[in-house]
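Every chain is numbered from 1, with letters handed out A, B, ... down the list of sequences.
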Amino acid sequence: MAPAAAGLRTDFCGRLRIADVGRVVSVCGWVARRREHGEHLAFLDLRDYTGILQCVVDGAHDLRAEYVVRVTGTLRRRPEGTTNPSLETGEVELHECTVEVLNAADPPPFSLDSRVETDEIVRLRYRYVDLRSERMQKNLRTRATVTSALRQAMEGNGFLEVETPLLWTPTPEGSREFAIPSRLQHGSFYVLPQSPQIAKQLSMVGGIDRYYQIARCLRDEDLRADRQFEFTQLDLEASFVTEHEVQAFVEDAVARAIAAVTGERPAPALRLSWAEALERYGVDKPDVRFGMELVDLKSVFAETAFNAFRSDAVRALCFPGGAALGRARLDALVERAKGLGAKGLVWMRVVPGDGGGLALDSPVVKFLSDVEQTGLLTALDASLGDLILAVADERRRACEVLGQLRIDLGRPPVYEGPWRLCWVVDFPLFDGVDDEGRPQAAHHPFTMPRPEDLDRLVSDPLSVRAQSYDLVLNGWELGSGSIRIHRREIQEQVFAGLGITREEAESRFGFLLGAFRYGAPPHGGFAVGIDRLVAILAGEENIREVIAFPKTQSGADPMTGAPKPLTPAHLAELGLRVAPTAGPNAPGGARRG
RNA sequence: GGACCUGUGGUGCAGCUCGGAGUGCACGCCGGCCUGUCAAGCCGGAGGUCGCGGGUUCAAAUCCCGUCAGGUCCGCCA
């Protein structure tokens with residue numbers, strides 16, 4: 001819990017209470033605010049990470065915001081009528097104070113007051129100041145609470161923490177890797193690991209049995225609100241387990257982390273197959289906190305005369321209260337659907353009908369029979385004032401477009417509880433084909449197919465299901481995992497399915513395939529995105545808010561100025577020459593300061 | 001690679017549609033007054049290449065083009 005104060009101070013600002021009245025205490029911190037009342041009275045709000053304490057000081061002190069000071073005085077109960085219920089220390093104050101300025105400070109570049117939302121680039125440029133804010137203090141402490149709970153859970157389940165290399169070997173395929181030039185072998189490179197995937201599998205061959213690591217992963221892909229170049233995963237792998245045991249370990253760890261922050265263990269995770277998630281929610285990371293599920297209307301429109309609905313599939317959803325949307329808003333929805341790849345979008349308002357029933361208001365209603373209209377309303381369980389959105393298209397596209405519209409229209413902020421964990425299982429082994437018609441690995445090429453689907457690996461690869469699974473929290477993908485292939489002949493079949501030749505496989509993953517000859521146990525694992533988990537628990541929609549020193553969307557660090565050009569001497573030492581077309585970072589190129 | 005939004009004293013905003021003197025608000029900053037405040041209060045003051053470049057115009061923060069930076073998203077993230 002709270003550490004004992006030591007060194008220059010006897011106490012922390014935010015922890016002093018009525019019970020401490022009469023004690024002579026020393027506190028240290030930053031000047032949060034001062035209120036001066038002439039030459040001989042001023043109030044000084046002193047801030048450390050625990051909170052704020054009011055100190056009554058002689059007005060003659062030259063104290064400014066963010067000065068670092070040590071205050072020694074006697075704690076007393078505040079005079080009648082001057083308590084401040086909005087402070088945890090609001091019943092007490094420090095008086096007869098001696099103030100030592102440990103360090104003066106320039107005025108801060110922005111207010112640390114939580115009421116003012118400062119532009120993020122300013123906060124990032126002066127991140128060391130921003131970190132003093134209540135928000136960042138709380139977020140980083142939430143993060144530490146989460147990682148601590150995850151470690152405890154993993155160790156409680158017998159997992160061994162093992163570190164894996166940051167300087168790894170290129171394994172083309174997958175996400176783009178950051179390259180590190182070798183000084184000792186010019187022209188050769190390490191890469192930073194996009195995850196410790198292969199290393200942890202090798203640890204299983206090595207008899208570690210249960211491995212975990214709070215691991216930094218690095219991917220040179222474009223950044224997003226929920227994606228940074230470098231991010232942190234709870235990475236784990238276990239031997240002699242089925243996917244159910246892996247999921248139980250993961251769910252226990254995540255539930256404990258949630259409980260450590262919220263005080264409450266979440267309900268057990270739902271389980272959905274990938275196919276069911278797509279059918280009901282139109283995405284592979286369903287947000288099951290709200291309804292608006294997708295409905296199959298194919299049977300309603302089996303014989304329809306409406307050409308647009310004579311399609312491979314007709315899916316719809318019902319947006320409660322959406323009939324109030326104006327025409328401009330509806331047109332925007334149609335455009336959104338087209339932007340997502342749909343041929344079109346049909347909207348229908350549910351309005352009062354003759355004789356007290358329900359009717360549809362839509363440009364296409366004249367093409368629909370009475371039976372179809374009734375069937376539609378029944379299938380969607382629509383009520384007066386709702387808006388029905390329908391897409392007719394190829395099945396998967398219809399589902400995916402409506403799934404996105406469902407999120408656009410109905411989704412609460414990610415951090416709004418309840419915490420609804422959801423396993424999505426039975427992913428396909430391959431997901432579509434590449435430009436040359438070869439199947440693409442949906443997860444990664446070491447994922448074990450379902451045994452009953454093995455015989456279709458060559459004849460019908462796209463129908464093969466994998467022993468892989470994702471964990472979803474409130475519509476955010478928290479992580480994914482799988483049972484791995486541990487037998488060489490299955491691995492070769494999957495490589496064959498992916499169009500990877502024996503020679504290619506040997507050059508890319510030869511060391512892994514070699515290892516598998518020497519007694520690889522059945523094994524599987526998972527990785528949990530800690531930044532995302534913490535962001536949700538901290539009530540943030542952006543993982544930058546739970547990372548001490550994040551990068552901007554263009555991959556820059558406004559505080560340090562990284563990335564920067566290397567000196568010619570440094571480049572020469574690494575045996576590198578920057579191509580003249582490399583842009584502003586090239587030697588001699590323009591570069592802002 | 002693409003779409004959309006944003007850029008105005010240190011900070012947060014208004015001004016931009018419909019061009020007319022850097023005009024305004026709040027916080028902060030500097031100076032003065034003030035012995036119970038807590039977003040203290042009162043008085044005075046300083047502080048601006050309106051992101052940058054070009055164009056249109058008698059005249060541009062405002063209209064047009066380009067560019068840079070930040071954000072959200074698509075592509076991308078096995």
Nearest listed nucleotide, side chain of A:Arg33, among B:G70, B:A40, B:G36: B:A40

Taking the P atom of each, how far is B:U56 from B:G75, in whole Å? 42 Å

Indicate, yes or no, whether a donor-acceptor pair under 3.5 Å links the base of B:U37 to the side chain of A:Glu36. no

For the C1' atoms, the ones on B:U49 and on B:G45, what distance do you get once it is rounded to whole angstrom? 24 Å

Rounding to an integer number of Å, can you tell me how far A:Ile52 CD1 sits from B:A39 P? 10 Å

Calculate the interatomic distance between A:His40 atom NE2 and B:C33 atom P; express it in whole Å. 12 Å

Given RNA chain B, 5'-ward residue of the pair A:Asn542 and A:Arg227, judged by closest heavy atom: A:Asn542

Mate of B:G12 across any strand shown (Watson-Crick or G-U wobble, both atom pairs under 3.5 Å) is B:C25

Rounded off to whole Å, could you give me the CG-to-P distance for the A:Leu63 and B:C29 pair? 13 Å

Is there ring stacking between A:Phe43 and B:U37, where the centres must be under 5.5 angstrom apart and the planes under 30 degrees? yes

Give a yes/no verdict on base stacking between B:G36 and A:His37: centres under 5.5 Å, planes within less than 30° of parallel. no

Mind checking who B:U17 pairs with, Watson-Crick or G-U wobble, both distances under 3.5 Å? none

Under 3.5 Å, is there an N or O donor on one side and an acceptor on the other linking the side chain of A:Arg224 and the base of B:G75? yes

Look at the side chain of A:Arg336 against the base of B:C73 and say whether a donor-acceptor pair falls under 3.5 Å; ignore hydrogens and angles. no

Taking B:C18 as the reference, what is the distance to B:U62 when you measure between their P atoms (whole Å, please)? 14 Å

Name the residue closer to the 5' end of RNA chain B, choosing between A:Asn84 and A:Arg34 according to the nucleotide with the nearest heavy atom. A:Arg34

Within the 4.0 Å heavy-atom criterion, would you say A:Glu335 contacts the bases, only the backbone, or no part of the nucleic acid? nothing

Does B:U62 have a Watson-Crick or wobble partner in any strand here, with both distances under 3.5 angstrom, and which is it? none

Would a distance-only check, ignoring hydrogens and angles, find a side-chain to backbone donor-acceptor pair under 3.5 Å from A:Thr89 to A:Ile52? yes

Check ion pair A:Lys551-A:Glu230 (N to O, under 4.0 angstrom): yes

Distance below 4.0 Å between A:Arg35 side-chain N/O and B:U37 OP1 or OP2: no

Nearest-Å distance, CG (A:Asp113) to P (B:C38)? 14 Å

Over how many whole Å does the gap from A:Ile121 atom CD1 to B:C5 atom P extend? 20 Å

What integer distance in Å separates A:Phe229:CZ from B:C76:P? 17 Å

